Amino acid sequence: VFLRVIIIYVTVLLFLRLMGKRQIGEIQTSELVTTFLLSDIASYPLTDPAIPLLNAVVPIFTIIPLEIIFSFLTTKSAQLKKILDGNPSIIVLHGKIQKKEMSRVRLSMEDLLCELRLKNIASVSDVDYAIVEQNGQISVFQKKEAPLSHAVVIDGILNEKLLHKIGKNKHWLDQILQENKICDLHNIFLLSVTDDESVTLIRQNETEG
């Protein structure tokens with residue numbers, strides 16, 4: 001049993017090192033599922049010496065490459081990342097609570113107020129934006145802070161919901177593309193706009209690699 005514990009410990013440790021340095025509260029959906037599977041699989045040969053050790057080691061080393069492959073694919077495909085991790089949700093917009101979004105992400109008013117208090121914010125009216133990020137954490141921007149940047153195009157994929165949410169439309173987008181002599185959205189790596197109308201545009205050929 002002592003040797004089994006050492007082997008399983010080293011195997012799990014190797015897996016966590018390969019997953020990267022993100023904290024538990026920041027891991028993505030696929031990583032969370034993998035972590036649950038890993039802990040369950042690793043426990044069997046530790047609690048029952050009759051179970052062969054390979055019954056845990058082989059599944060663990062099968063899961064490792066799968067997780068690495070999925071993590072790599074989500075960095076290359078915005079659509080796949082959206083399917084696996086979803087999109088950030090704006091739950092407070094210019095001091096007004098977005099009830100539908102709060103209901104969609106299953107966040108109660110008590111939870112929101114608790115998050116604001118933890119960030120030393122006394123009132124929802126002081127909040128310009130509160131956003132539930134893809135990792136489940138809540139980002140809060142007060143009205144006195146610098147204007148928030150909205151990424152409307154990422155890796156050639158347009159976020160139409162966000163575009164309308166910030167009061168923009170396809171005509172505005174077409175004007176930006178025309179001004180920058182861009183014919184296809186797929187030529188854009190990042191297009192973002194702040195609340196004070198400052199636009200950032202990065203073409204695909206302007207990124208490293």
Side-chain angles (χ1 to χ4, degrees), residues 19-36 67 70-173 176 185 188-202:
M19 273 185 64
K21 297 183 178 180
R22 283 190 290 201
Q23 299 173 3
I24 290 298
E26 299 175 341
I27 63 177
Q28 302 297 333
T29 305
S30 63
E31 295 170 337
L32 185 62
V33 170
T34 301
T35 302
F36 286 147
E67 171 54 33
F70 268 101
S71 295
F72 175 77
L73 290 177
T74 55
T75 64
K76 297 297 181 181
S77 171
Q79 289 286 55
L80 181 59
K81 186 172 181 61
K82 180 180 177 180
I83 292 170
L84 292 177
D85 298 325
N87 284 322
S89 297
I90 300 175
I91 55 175
V92 178
L93 179 62
H94 306 315
K96 295 181 180 179
I97 295 171
Q98 308 297 297
K99 292 182 180 179
K100 288 185 178 180
E101 282 299 302
M102 285 189 63
S103 176
R104 190 179 70 81
V105 298
R106 296 185 294 279
L107 184 73
S108 69
M109 191 62 202
E110 290 79 7
D111 291 333
L112 174 59
L113 292 175
C114 177
E115 287 288 337
L116 296 182
R117 288 194 297 270
L118 289 172
K119 292 175 170 59
N120 298 318
I121 299 173
S123 172
V124 174
S125 60
D126 295 331
V127 177
D128 204 13
Y129 288 93
I131 303 170
V132 178
E133 303 291 357
Q134 291 167 309
N135 58 20
Q137 295 187 339
I138 299 178
S139 300
V140 180
F141 299 85
Q142 290 181 264
K143 291 182 177 179
K144 61 183 179 181
E145 294 180 355
L148 181 64
S149 178
H150 306 276
V152 294
V153 178
I154 297 177
D155 203 12
I157 304 297
L158 171 64
N159 188 335
E160 291 191 44
K161 183 179 178 181
L162 176 61
L163 187 70
H164 295 300
K165 190 81 173 179
I166 61 176
K168 304 298 181 185
N169 52 37
K170 288 288 187 68
H171 178 67
W172 173 86
L173 179 61
I176 297 296
L185 280 179
I188 299 176
F189 180 72
L190 174 66
L191 172 61
S192 63
V193 57
T194 64
D195 292 331
D196 61 0
E197 303 295 329
S198 176
V199 174
T200 298
L201 191 152
I202 302 174

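Note that the structure is a prediction, hence the values are computed from the model and not measured.
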Taken in chain and number order and not counting sequence neighbours, the residues that satisfy salt bridge (Lys or Arg N to Asp or Glu O under 4.0 Å) with Lys161 are Glu101
To the nearest 0.5 Å, what is the distance between CD1 (Ile121) and NZ (Lys143)?
11.5 Å
If we only count heavy atoms from C-beta on, is the Ile138 to Asp111 side-chain gap below 4.5 Å?
no
Atom of Val199, atom of Ile176 and distance for their closest heavy-atom approach:
CG2-CD1, 4.1 Å
I want to check something: taking the side chain as every heavy atom from C-beta on, are Arg106 and Arg104 in contact at a cut-off of under 4.5 Å?
no
The side chain to side chain contact (heavy atoms under 4.5 Å, CB included) partners of Arg117 (sequence neighbours excluded) come to Leu113, Cys114
With sequence neighbours left out, write down each residue that passes side chain to side chain donor-acceptor pair (under 3.5 Å) with Ser125, or none if nothing qualifies.
Ser123
Shortest non-hydrogen contact from Ala151 toward Asn159
O-CB, 4.4 Å
Within the 4.5 Å heavy-atom criterion, are Val92 and Leu116 side-chain neighbours or not?
no
Go through the steps to decide whether Leu201 and Leu190 satisfy the test side-chain contact (heavy atoms from CB on, under 4.5 Å), and finish with yes or no.
CA-CA 6 Å; Leu201 191 152; Leu190 174 66; over 6 Å; no
State which residues pass side chain to side chain contact (heavy atoms under 4.5 Å, CB included) with Asp196; sequence neighbours excluded, sorted by chain then number.
Pro147, Thr194, Ser198
Quick one, Met109 with Lys99, criterion side-chain contact (heavy atoms from CB on, under 4.5 Å). Give me CA distance, side-chain angles, the key distance, then yes/no.
CA-CA 9 Å; Met109 191 62 202; Lys99 292 182 180 179; over 6 Å; no
Taking atom CG of Leu93 and atom CD of Gln98, what is their separation to the nearest 0.5 Å?
5.0 Å
Phe141 and Val127: side-chain contact (heavy atoms from CB on, under 4.5 Å), yes or no, with the steps?
CA-CA 6 Å; Phe141 299 85; Val127 177; over 6 Å; no
Return the CG to CG distance between Leu163 and Leu158, rounded to the nearest 0.5 Å.
5.5 Å
Got Val132 and Met102 here, is their nearest side-chain heavy-atom distance under 4.5 Å?
no
If we only count heavy atoms from C-beta on, is the Glu115 to Val140 side-chain gap below 4.5 Å?
no
Going by side chain to side chain donor-acceptor pair (under 3.5 Å), name the residues that satisfy it together with Glu133, two or more places apart in sequence or in a different chain.
Ser139
Please list all pairs meeting ring pair (Phe, Tyr, Trp, His ring centres under 6.0 Å) that have one or both residues in residues 86-119, counting only residues at least two apart or in different chains.
His94-Tyr129
Partners of Glu110 by salt bridge (Lys or Arg N to Asp or Glu O under 4.0 Å), sequence neighbours excluded?
none
Mind running side-chain contact (heavy atoms from CB on, under 4.5 Å) on Leu148 and Asp128 for me, showing each step along the way?
CA-CA 9 Å; Leu148 181 64; Asp128 204 13; 5.9 Å; no
Using the salt bridge (Lys or Arg N to Asp or Glu O under 4.0 Å) criterion, which residues pair with Lys170? Sequence neighbours excluded.
none
Check Leu173 against Leu191 and note the closest heavy-atom contact, atom names and distance.
CD1-CD2, 3.4 Å
